[in-house]
Each structure stands twice: as structure tokens, then as C-alpha cells.
Amino acid sequence: MTGPRTGRGPLTSVLVPGMLCDAELWRDVEPALPGPVVHARITAPSIADMAEEVLSSVEGEFVLVGLSLGAIVAFEVARRAPERLAGLCALSTNAKAPRPGQLAGWRQLAERVEAGEFESVLTDRILPTMYAAADPSEPLRERFLGMARRIGPDTFRAQLAAQATRMDAHAAVAALDCPVLALCGERDALCPPSFHREVARRAAAGSLRVLADAGHLLPLERPGETAASLRHWLTDVVGTPSAATSD
């Protein structure tokens, strides 16, 4: 794709949350996005089946915006149905295959959750990696924990199982001819800027945006900058008008 699309109506943006997240993740970002929005849920125990959940959530061509596990699913959508993507934004993610240490860590978390330790896993293991600070403010803490509790232990275990099925996605990214935005936080403890730099480099129409002093959950921690980055990319790079201004 050599420039923004023109002469067509607004594209639907499909928003895919990360592990232990729901539509609340996008609450402060969604109003700034041009065009209609669909929230996809990812509950299946494999990345392949999660990708099918996303593809079945909308018809025709769309823009895919995923964070963390949601972006990993987006990469699988790109592998399966590249012709349906008008743009792909990957936030706070990792396009590499799992490392042995990661696989072992996910198994350990699943075992703890199965043993009834869901709450302590959330507060002791997951929460400290979600923001730039390991001890976030009370509002940020409670917004993440509220989402995680709504997702619940059963879906969390399915998401952990799905993570173990992911494959290296750099080739799928390289095969796309639509715009690709890699958006990340400078202080993301899970997915550092180097991961996103590689995604942007591999994409034929890739770009990189790094938010200073930000962590993993950008839409919660830095909603204004995240929304502005997405809106600029959607309107000026992808080329989707807002529903209010389209013919």
C-alpha cells in the first residue's frame, strides 16, 4: 500500500484486548477513533482459534488493533486473512515464538490458578508488570484488577494455554502490504521497544511509536497519547474518515 485509502467509507476498527483485559482497556481511547468500533473477545485455548474469534466478529475489510496477547492474535489473523486487513496496529507485544522459560512460567501460573491462587497471581505476579511503576497508583491498580477479575481464572488459564501455541510472526508481518503501526511504552517490562522496532522494520509499510516513561497497558496509563497516536495513524496513514464526515 503506497498511501492512505481514498474514496471509501469509514473502516471498522476491531479492538482486541490483552490477557486478563476486556473492553474497559479501550474506554478512554475509543471515543477518539474514527469510524465504527467492534470489541473482539479472545477466550479460546489456542492462538489459531482466537484468530477465528476475531475474524468472525466483523465482516469485510477492517483495521485490527491489538494489545499484547491481542496483538499476537492479530499477527495470526494477518497470516490467515491478510486480504481482510486495511491496517494492523500492534501495541505492547512480542512477535517472537515462546522461549522455554516463558513456557515453564505459564505452566506454573496455570498450576497456581488451578490450585486456587488466582488473586495472589494477579497481585504478586501480573500487576507489577502492567505499568511503568511496579507499584502503580490505586486507580490504575483497580482498573486492571477489575478487568482481570471479570475475565476470571478459567479464561485466564485458556489464555495461558493459547500463549504456548503462538509462532514467530515476523514473516506474516513482512507479507502484509497494509500499514502496520508498532506502538509501545519505553518502560514496558514485558515487551521492550526492541520487539516493536523489529515489527516495524519487517513490515513493508511499518512505523514505530514509543511513548516515553510508559509501561505495558498504554490505553490505561497513557490514554491521551495512545488515542492521539491511533487517530493520526488511522486517518493520515490508513486513510479512514470518521463516520460523521464520510459520504
Enquirer: Under the rule for side chain to side chain contact (heavy atoms under 4.5 Å, CB included), what residues qualify as partners of A40, not counting sequence neighbours?
Expert: V14, V16, V54, S57
Enquirer: Measure the shortest side-chain to side-chain distance between M147 and L25 over non-hydrogen atoms and say whether it is less than 4.5 angstrom.
Expert: yes
Enquirer: Restricting to non-hydrogen atoms, name the atom on V237 and the atom on P179 that form the minimum distance, rounded to 0.1 Å.
Expert: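 Between these two residues, the closest heavy atoms are CG1-CB, 3.7 Å.
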Enquirer: So which heavy atom on G87 is nearest to which on W233, and how close?
Expert: C-CH2, 3.7 Å
Enquirer: According to a 4.5 Å side-chain heavy-atom criterion applied to Ile, Leu, Val, Met, Phe, Trp and Tyr, with indirect links allowed, do V58 and L234 form part of one hydrophobic cluster?
Expert: yes
Enquirer: Determine whether L190 and F144 fall in the same hydrophobic cluster, where Ile, Leu, Val, Met, Phe, Trp and Tyr are linked whenever their side-chain heavy atoms lie under 4.5 Å apart.
Expert: yes
Enquirer: Starting at CG of L55, measure out to CE of M50 and round the result to the nearest 0.5 Å.
Expert: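 Rounded to the nearest 0.5 Å, the CG-CE separation comes out at 14.0 Å.
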Enquirer: For L33 and R231, work out which heavy atoms get closest and say how close.
Expert: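 Result for this residue pair: C-NH1, 3.9 Å.
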Enquirer: For the residue pair Q159 and I42, what are the closest heavy atoms and their distance?
Expert: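 Residues Q159 and I42, closest heavy atoms: NE2-O, 3.4 Å.
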Enquirer: Among residues two or more places apart or on two chains, list those pairs meeting salt bridge (charged side-chain N to carboxylate O under 4.0 Å, His left out) that have a residue in residues 187-199.
Expert: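 As it turns out, the salt bridge (charged side-chain N to carboxylate O under 4.0 Å, His left out) pairs with a partner in residues 187-199, which skip direct neighbours, are E198-R201, E198-R202.
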Enquirer: Which value, rounded to the nearest 0.5 Å, describes the distance between L15 atom CG and S13 atom OG?
Expert: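 So the CG of L15 and the OG of S13 are separated by 6.5 Å.
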Enquirer: For a quick test of reading the model, state the closest non-hydrogen atom pair linking F118 to A148 and the distance between them.
Expert: CZ-O, 3.5 Å
Enquirer: Taking A212's backbone N and O only, do any of them form a donor-acceptor pair with R222's side chain (distance below 3.5 Å, no angle check)?
Expert: yes
Enquirer: Quick one: salt bridge (charged side-chain N to carboxylate O under 4.0 Å, His left out) pairs with a partner in residues 15-33, sequence neighbours left out?
Expert: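 Residue pairs with at least one partner in residues 15-33: D22-R150, E24-R27, E24-R143, D28-R143.
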Enquirer: Between atom CG of L220 and atom OH of Y131, what is the distance when rounded to the nearest 0.5 Å?
Expert: 4.5 Å
Enquirer: Given S68 and H216, is the side-chain hydrogen bond (donor to acceptor under 3.5 Å, both in side chains) satisfied, shown in steps?
Expert: CA-CA 8 Å; S68 195; H216 193 65; 3.0 Å; yes
Enquirer: As an exercise, state the distance from CD of E83 to CG of D177, rounded to the nearest 0.5 Å.
Expert: 10.5 Å
Enquirer: Considering only residues two or more places apart or on different chains, which pairs with a residue in residues 89-105 satisfy side chain to side chain donor-acceptor pair (under 3.5 Å)?
Expert: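 Listed once each, the pairs would be none.
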Enquirer: Which other residues belong to the hydrophobic cluster containing M167, where Ile, Leu, Val, Met, Phe, Trp and Tyr are joined when side-chain heavy atoms lie under 4.5 Å apart, directly or via other members?
Expert: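 Its cluster partners, ordered by chain and number, are none at all.
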Enquirer: Keeping E186 on the side-chain end and A214 on the backbone end, is there a donor-acceptor pair under 3.5 Å?
Expert: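 Checking the backbone N and O of A214 against the side chain of E186, no donor-acceptor pair under 3.5 Å is found.
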Enquirer: Is the shortest side-chain heavy-atom distance between L64 and R84 below 4.5 Å?
Expert: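 Side chain of L64 against side chain of R84, heavy atoms only: no contact under 4.5 Å found.
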Enquirer: Look at the side-chain heavy atoms of Ile, Leu, Val, Met, Phe, Trp and Tyr, link any pair under 4.5 Å apart, and say whether L183 and V37 land in one connected group.
Expert: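 L183 and V37: one cluster.
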Enquirer: Taking CZ in R41 as the centre, count heavy atoms belonging to other residues, nucleotides or ligands within less than 6.0 Å. Is the count above 12?
Expert: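 It does not: R41 CZ has 12 such atoms or fewer within range.
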Enquirer: Using modelled atom types and a 3.5 Å cut-off, is there a donor and acceptor pairing between side-chain atoms of T165 and backbone atoms of I47?
Expert: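 Between the backbone of I47 and the side chain of T165 there is a qualifying donor-acceptor contact (under 3.5 Å).
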Enquirer: Which residues satisfy the side-chain hydrogen bond (donor to acceptor under 3.5 Å, both in side chains) test with Q108, sequence neighbours excluded?
Expert: R125
Enquirer: Just grab all the salt bridge (charged side-chain N to carboxylate O under 4.0 Å, His left out) pairs involving residues 101-112, residues at least two apart or on different chains.
Expert: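 For residues 101-112, and leaving out neighbouring residues, the salt bridge (charged side-chain N to carboxylate O under 4.0 Å, His left out) pairs sorted by first residue read R112-E117.
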Enquirer: Under the rule for side chain to side chain contact (heavy atoms under 4.5 Å, CB included), what residues qualify as partners of A48, not counting sequence neighbours?
Expert: S46, R80
Enquirer: List for me each residue that meets salt bridge (charged side-chain N to carboxylate O under 4.0 Å, His left out) alongside R166, sequence neighbours excluded, and say none if there are none.
Expert: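 With neighbours one apart ignored, the set is empty.
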Enquirer: Distance check, rounded to the nearest 0.5 Å: L145 atom CG versus I126 atom CD1?
Expert: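 So the CG of L145 and the CD1 of I126 are separated by 10.5 Å.
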Enquirer: Would you please name every residue forming a salt bridge (charged side-chain N to carboxylate O under 4.0 Å, His left out) with E53, sequence neighbours left out?
Expert: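 Once residues adjacent in sequence are excluded, E53 has no partner under the salt bridge (charged side-chain N to carboxylate O under 4.0 Å, His left out) criterion.
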Enquirer: side-chain contact (heavy atoms from CB on, under 4.5 Å), that's the test. Do L217 and C21 meet it? Break it down for me.
Expert: CA-CA 10 Å; L217 294 183; C21 297; 4.1 Å; yes
Enquirer: Indicate if L140 and I151 have the same hydrophobic cluster label, given that clusters are the connected sets of ILVMFWY residues with side-chain heavy-atom separations under 4.5 angstrom.
Expert: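 The answer is yes; both residues are in one hydrophobic cluster.
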Enquirer: Determine yes or no for a side-chain-to-main-chain donor-acceptor pair under 3.5 angstrom, with Q163 supplying the side chain and W106 the backbone.
Expert: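 Such a contact is absent between Q163 side chain and W106 backbone.
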Enquirer: Excluding sequence neighbours, so at least two apart, what forms side chain to side chain contact (heavy atoms under 4.5 Å, CB included) with A227?
Expert: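 V29, A32.
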Enquirer: Is there a side-chain contact between L11 and F62 in this structure, where contact means two heavy atoms from C-beta onward sitting under 4.5 Å apart?
Expert: no
Enquirer: Should L103 and F195 be counted in the same cluster of Ile, Leu, Val, Met, Phe, Trp and Tyr side chains packed under 4.5 Å apart?
Expert: no
Enquirer: Could you tell me which non-hydrogen atom of A203 sits nearest to which non-hydrogen atom of V173, and how far apart they are?
Expert: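 Closest approach of A203 to V173: CB-CG1, 3.7 Å.
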Enquirer: Between NE2 of H196 and CZ of R209, what distance do you get to the nearest 0.5 Å?
Expert: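 One finds 13.5 Å between NE2 of H196 and CZ of R209.
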Enquirer: Look at the side chain of T226 and the backbone N and O of L218, then say whether any donor-acceptor pair between them is shorter than 3.5 Å.
Expert: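 Yes.
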Enquirer: Suppose we screen for side chain to side chain contact (heavy atoms under 4.5 Å, CB included). Which residues come up paired with E138, at least two apart in sequence or across chains?
Expert: R141, E142
